[in-house]
Amino acid sequence: MKLQRFATWLLGSAVLIIGSLIAATTYVYFSLHTLTDVQRQVQQYQSSVDRLVILKNELLLNRDEASVQALHRQIDSHIAAQLSNPFNAQTHAQSALITETQQALEEYIAHLNTLVSLLTRMGLNEDKGLRQHFRAQAHKLQELAEEQNNVTLNNEVLELRRREKDYLMRFDDQYLAQHRQHYDAILTLIERQQLGNSASRILKSYGQNFAEVVALFNRIGVHGDEGIRQTLRQQESRIEDLLQRLDIQYTQTQIDDALLAITATLVVVVLVAVVLLAFLQLLSMRVNDSLTRLHRQIRQVMDEEDFSSRTGLDGRDEIGRLGQDIDQLFAFIEELLERLANAQNKLVEEAKLASLGSMVSGFAHELNTPIGVAITSQSLLKDQFSLLKTDFSSGKLKKHTLSALIDNAEQSLALLENNLNRSASLIDTFKMMAAQNQYDKEGLFNVRTTVSHIMTSLQSEFDSAVAIYHIDIDEQLEIISSPAALTHIITCCVRNSLMHGKTSGRTLEVGIRVKEQNGALHLFIEDNGPGIEEPLLNKAFEPFITTKRHEGGTGLGLAIVYNLVRSNLDGQITLHNLPQRGLSVHVTFTPKSIQRG
């Protein structure tokens with residue numbers, strides 16, 4: 001029971017290994033599940049911060065009440081909820097990092113509130129805050145200039161407004177300097193023209209409000225690397241870095257735990273494997289002798305094909321029973337081979353008789369018609385000459401009788417000649433199916449040149465059938481094979497197309513193409529005729545199968561081609577109806593050599 005003991009050890013080891021793997025997998029699963037939760041929480045933090053940054057940028061770009069409200073909603077909903085639901089720290093370092101992240105986020109929110117406050121004071125648009133105040137003062141100056149019809153003052157105020165708008169759009173200090181120049185020019189003009197304290201107060205109020213707006217812009221930061229905007233960007237980078245560090249710390253902790261569990265599992269698996277291998281080695285030494293003997297006996301049977309030999313194993317273990325079963329199998333195979341040989345000999349004899357009977361029946365049927373006509377013609381001639389002899393002997397022979405006899409004799413002799421020639425042709429064709437020695441001579445020849453000569457010799461038949469042909473063969477292709485066999489194959493197939501492929505209202509086209517693939521030649525003889533009916537495709541190579549018997553067809557052409565392809569070229573031949581219309585004869589064979597001239 002060697003194999004049973006090994007199976008028991010193997011089952012126990014498998015249970016232990018699988019149990020260890022399940023335990024380790026469960027621990028790793030829960031570790032990865034915890035890690036996934038932490039990573040999801042970190043992503044939520046990062047997404048909330050990213051959304052906060054987007055809303056901040058929209059506020060700086062649009063400076064409208066909708067952007068302010070969207071920013072406050074983000075802070076009050078997502079950010080507040082996340083600050084109230086912190087991470088679960090597993091180590092002191094993680095706890096410190098979580099605290100630092102929350103503090104950084106709170107500082108960021110405080111600076112955002114400061115930014116909103118400054119933008120609100122400055123004015124989210126031109127109709128609010130300080131921007132509305134200095135615009136109102138500028139309008140008053142313009143109204144004052146129009147009341148006094150002071151063109152110079154009006155022009156200076158317009159230039160002042162242009163520089164104001166240039167600066168607020170581009171934040172370029174040169175526009176601020178030009179704005180100051182126009183401001184001083186207006187102030188000088190008011191004092192020189194003594195336009196009154198009212199104009200002076202309006203201008204100074206405008207200047208103070210505009211200066212405060214400029215100061216607020218500078219505090220906020222005209223560019224991204226200035227003022228509060230710079231501070232916010234630094235805090236955004238800091239929060240992102242803290243979240244990445246937090247993600248890395250949690251990931252590293254969970255990976256370390258998973259690696260520890262996997263290492264412990266591997267140690268258990270290795271120990272079990274070592275014990276199992278030791279037992280397997282001991283068992284292998286005991287089983288090896290029996291298996292070697294069994295293998296040697298099977299190899300001997302395979303080499304000598306002698307199923308009468310036996311293994312001789314008679315032990316009570318599994319290998320002994322296997323040897324006994326193999327001995328019984330050899331005995332059974334030996335008996336089957338004997339039965340198979342007898343059945344094969346019987347089938348061969350039956351196939352020979354059936355094939356011979358079918359061929360003789362077909363040949364007799366084909367010969368029956370021309371020979372019957374010949375016999376009828378001969379009988380008619382005999383009767384006519386007997387009548388002639390009687391009339392001549394009795395002296396009653398007349399001219400019209402002799403003339404009629406001559407006409408009948410000519411017709412009978414023509415029928416006799418035609419049908420005897422047809423019989424001789426049938427016999428020659430039938431002999432050709434077995435006569436192969438004339439095609440055994442092989443040589444080197446150019447395929448395209450040979451095919452061109454064949455088609456040239458058939459040109460008169462193409463002219464009679466009002467058909468055309470085309471050749472698609474490499475001009476350099478040369479092979480060593482039987483040119484006579486190939487010539488006869490192509491001739492028979494082309495004539496078969498000319499006989500069966502003609503259709504009314506359509507020019508018959510015959511194509512011959514050859515291609516080389518993996519050392520074999522593929523010959524295709526195709527036409528655009530009606531093809532072959534499906535029931536006849538499987539019988540087309542049988543002798544005396546034809547649909548043109550009334551037009552002189554014998555049904556031996558494709559049978560001869562089949563024998564030439566299989567016997568002389570050692571190839572294969574198949575028939576296919578083309579998808580559109582027509583028939584394709586596909587001949588495949590391997591020449592002795594393929595060359596390029």
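Just so you know, these numbers come straight off a predicted model, no measurement behind them.
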Q: Could you go through the side chain to side chain contact (heavy atoms under 4.5 Å, CB included) check for I468 and V510 one step at a time?
A: CA-CA 6 Å; I468 60 175; V510 179; over 6 Å; no

Keeping [X] on the side-chain end and [Y] on the backbone end, is there a donor-acceptor pair under 3.5 Å?
X: R448; Y: I473; value: yes
X: N577; Y: I532; value: yes
X: S567; Y: L564; value: no

Would you mind reporting whether [Y] and [X] have side-chain heavy atoms less than 4.5 Å apart?
X: H522; Y: V514; answer: no
X: N528; Y: L508; answer: yes
X: L486; Y: L523; answer: yes
X: I489; Y: L569; answer: yes
X: V494; Y: F462; answer: yes
X: H453; Y: T450; answer: no
X: H488; Y: C492; answer: yes
X: I525; Y: I490; answer: yes

How long is the gap from [atom1] on [X] to [atom2] on [Y], to the nearest 0.5 Å?
X: E240; Y: R245; atom1: CD; atom2: CZ; answer: 13.0 Å
X: Q459; Y: I454; atom1: CD; atom2: CD1; answer: 14.0 Å
X: H470; Y: I512; atom1: NE2; atom2: CD1; answer: 9.5 Å
X: L521; Y: L477; atom1: CG; atom2: CG; answer: 5.5 Å
X: D472; Y: R513; atom1: CG; atom2: CZ; answer: 7.5 Å
X: S593; Y: L444; atom1: OG; atom2: CG; answer: 7.0 Å

Q. Around atom OH of Y469, are there more than 12 heavy atoms of other residues, nucleotides or ligands at under 6.0 Å?
A.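 Correct, the count exceeds 12.
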
Q. Is the number of heavy atoms from other residues, nucleotides or ligands under 6.0 Å of D570 CG greater than 12?
A. no

For [X] and [Y], which heavy atoms make the closest approach, and how far apart are they?
X: C493; Y: V585; answer: SG-CG1, 4.0 Å
X: F589; Y: P591; answer: O-CD, 3.5 Å
X: S584; Y: L578; answer: CB-CD2, 3.5 Å
X: T590; Y: G519; answer: CG2-O, 3.5 Å
X: D527; Y: S497; answer: OD2-OG, 2.9 Å
X: E475; Y: N446; answer: O-ND2, 2.9 Å

(Q) Pairing donors with acceptors under 3.5 angstrom, does anything connect the side chains of H576 and H586? (A) no

(Q) Does I594 form a side chain to side chain contact (heavy atoms under 4.5 Å, CB included) with E516? I'd like the steps, not just the answer. (A) CA-CA 9 Å; I594 298 178; E516 175 193 356; 3.8 Å; yes

Q: Show your reasoning for whether side chain to side chain contact (heavy atoms under 4.5 Å, CB included) applies to E478 and V447.
A: CA-CA 6 Å; E478 296 181 350; V447 179; over 6 Å; no

